[in-house]
Amino acid sequence: MTGTSSVRVLTLNTGSSSLKVALYAMGEREQVLLSADADQIGRAESRFRLADGDGRVLRDEREPLPDHDAALRVLCIGLERQGSAPDAIGHRVVHGGSAYSRPQLITPELVTALEALVPIAPDHLPQAILAIHAMSREYPALSQVACFDTAFHRRMPRQAHQYALPRRLGEGGVVRYGFHGLSYEYIMYELRVLAPAEVDSRVIIAHLGNGASMAAVRAGISVETTMGFSPAGGLVMGTRSGDLDPGVLIYLLEQGMTPKALDELVNKQAGLLGVSGTTEDMSELLESEATDPRAAEAIELFCYQARKFLGALTAVLGGLDTLVFTGGIGEHAASVRARICEGLEFLGIRLDERRNVSSEPVISRDGSPTTVRVIKTDEDLMIARHTRQVIGR
């Protein structure tokens, strides 16, 4: 960052049943002052955790949080007790539609535009809009900034956005948007620091976590990604199905399943959880795969689909120079990285087993045509950077 003045930026990342926040001091140094998260919102076993910038836990409590509004109230009380009022607020907004290709200062007009997008992203946008309103009530004098997870992909070629559907549907917003853009932005920022020459080459980023996707990036610009109209498409994920034949959905509807039940199925009951029948947690599946064939099958399906998409994205790029693993699974599951890369030597991917097991920054062999990296992502810091930049205009 440039300049000497420090701005305290509060970042909010709302999920369907979770809330993550962090308070940053953004100046010449970027420093986390506080972080908090709430899980299982809307359930009896809700949990709220608050930690300082060094990771020391200040609060770790289980208390009923019936909705995101309640979780935000607990958050604001926690900030007040720490004497840590923000100067600006940045929000992760999952969907920006076709209109927004960069972070935006939040205005009443922008909120109206987001409300119009709710039918496209019903599992994420309502919570983000609620958080915007809650922060407006709590801190009415502060500027708020919307950082869109779809913005990174807005420069993809037209054919990468299109579905083979009647034009009226595409003109009405039924197109491929792509997600995890804030994570991809952060990785490209870090890559620029670590290996500037690689930024201008052919890069594939594999963001593998409970939500998982990949992006093909050429010369710093997204040209293709695995997620499409919604975050449910593409790779196998923790509880999401990934790509499905539309005929499967039509069949289930004809069998009497309601749209709401279908949404629950593909977003919350499928993926690793659905195949294993036990858990969506990759670390738990890896621990039990030797004794549980369903866990082993879930892991193999995850890796197979990731390997398949990796090959497809390489074809789009016309080759591959750098592969980056990130996200909870991508950063920590060495055996998953190895299985995804297995048999891809023809793409220049040759892992160093020792480096991979140790999760070193570079896990490919010396002299390999393709450099394979492990980089920890930080979407919240990317939100803080965007927010400071927008309010600095």
Side-chain angles (χ1 to χ4, degrees), residues 10-24 32-86 89-94 123-135 137-138 149 180 182-183 208-212 231 237-240 264 267-274 276 278-288 327-329 331-333 376-381 383-384:
L10 179 66
T11 65
L12 283 84
N13 188 334
T14 53
S16 57
S17 62
S18 65
L19 172 68
K20 287 176 55 183
V21 302
L23 183 67
Y24 289 87
V32 180
L33 302 176
L34 291 169
S35 63
D37 58 84
D39 294 313
Q40 305 296 319
I41 295 172
R43 302 179 187 178
E45 63 272 24
S46 303
R47 181 179 183 181
F48 179 80
R49 182 177 177 275
L50 179 69
D52 65 17
D54 296 320
R56 290 189 292 267
V57 177
L58 305 175
R59 286 183 64 188
D60 190 351
E61 302 173 3
R62 292 192 179 276
E63 57 180 288
L65 297 172
D67 52 34
H68 283 71
D69 212 19
L72 287 164
R73 283 197 298 273
V74 171
L75 160 69
C76 292
I77 292 170
L79 290 176
E80 289 172 3
R81 288 176 177 173
Q82 297 301 314
S84 301
I89 302 168
H91 297 262
R92 173 179 173 258
V93 178
V94 167
D123 294 327
H124 296 88
L125 274 182
Q127 293 87 348
I129 294 169
L130 183 149
I132 290 170
H133 288 309
M135 292 298 99
R137 292 192 300 270
E138 192 68 29
D149 231 9
H180 286 144
L182 291 166
S183 176
L208 307 179
N210 190 50
M237 298 174 236
T239 62
R240 299 176 194 156
E264 182 79 11
N267 281 299
K268 299 179 181 178
Q269 299 174 359
L272 294 173
L273 174 63
S276 70
T278 55
T279 180
E280 70 272 26
D281 189 297
M282 179 61 80
S283 62
E284 294 178 7
L285 292 171
L286 289 169
E287 288 176 2
S288 62
I329 297 171
E331 293 165 21
H332 303 295
K376 179 177 174 58
T377 194
D378 196 335
E379 295 168 309
D380 295 333
L381 180 54
I383 295 169

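Scope of the values below: all heavy atoms of this structure, side chains included, with no hydrogens, waters or symmetry mates. Positions are given from 1 along the sequence.
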Contact between Arg92 and Thr11 at the side-chain level, heavy atoms closer than 4.5 Å - yes or no? no
Tell me if a side-chain donor or acceptor on Gln127 pairs with a main-chain N or O of Leu19 at a distance below 3.5 Å. no
Go through the steps to decide whether Gln40 and Arg47 satisfy the test side-chain contact (heavy atoms from CB on, under 4.5 Å), and finish with yes or no. CA-CA 7 Å; Gln40 305 296 319; Arg47 181 179 183 181; over 6 Å; no
Would you say the side chain of His124 lies within less than 4.5 Å of the side chain of Asp149, judging by non-hydrogen atoms? no
Kindly compute the distance separating NE2 (His91) from CD1 (Ile132), expressed to the nearest 0.5 Å. 5.0 Å
Chi angles and distances behind the side-chain contact (heavy atoms from CB on, under 4.5 Å) call for Asn210, Met282: CA-CA 8 Å; Asn210 190 50; Met282 179 61 80; over 6 Å; no
Of the non-hydrogen atoms in Arg240 and Asn267, which two are nearest, and what is the gap between them? CG-O, 3.5 Å
Is Val74 close to Arg59 at the side-chain level, that is, under 4.5 Å between some pair of heavy atoms? yes
Check: Asp52 side chain, Asp54 main-chain N or O, donor-acceptor pair, under 3.5 Å: yes
Mind checking what makes side chain to side chain contact (heavy atoms under 4.5 Å, CB included) contact with Ser283, not counting sequence neighbours? Asp281
In Å, rounded to the nearest 0.5 Å, how long is the span from CE of Met237 to CD1 of Ile329? 11.0 Å
Let me confirm one number: the OG1-CG distance from Thr239 to Leu273, rounded to the nearest 0.5 Å. 7.0 Å
Between Ile41 and Ser46, which heavy-atom pair has the shortest distance, and what is it? CA-OG, 4.0 Å
Go through Lys268 and Asp123 one step at a time and tell me if the salt bridge (Lys or Arg N to Asp or Glu O under 4.0 Å) criterion holds. CA-CA 11 Å; Lys268 299 179 181 178; Asp123 294 327; 5.4 Å; no
Taking the side chain as every heavy atom from C-beta outward, state whether Pro86 and Met135 have any pair of such atoms under 4.5 Å apart. no
Is there side-chain contact between Ile89 and Glu138, with heavy atoms separated by less than 4.5 Å? no
Can you find a heavy atom in the side chain of Leu12 that is under 4.5 Å from one in the side chain of Leu10? yes
Do Leu72 and Leu130 have side chains that approach each other closer than 4.5 Å (heavy atoms only, starting at C-beta)? yes
Is there a side-chain contact between Ile383 and Tyr24 (heavy atoms, below 4.5 Å)? no
Considering non-hydrogen atoms only, spot the tightest contact between Thr377 and Ser183 and give its length. OG1-OG, 2.8 Å
By side chain to side chain contact (heavy atoms under 4.5 Å, CB included), Asp39 pairs with (sequence neighbours left out) Ser18, Asp37
Do you know the tightest heavy-atom contact between Val94 and Pro231? CG1-CG, 4.4 Å
Could you go through Leu125 and Val93, starting from their C-alpha distance and side-chain angles, then the distance that decides it, and tell me whether this counts as side-chain contact (heavy atoms from CB on, under 4.5 Å)? CA-CA 7 Å; Leu125 274 182; Val93 178; 3.5 Å; yes
dist Arg49:CZ -> Leu58:CG (nearest 0.5 Å) comes out at 9.0 Å
Can a donor-acceptor pair be found, under 3.5 Å and without considering hydrogens, that links the side chain of Ser35 to the backbone of Ala22? no
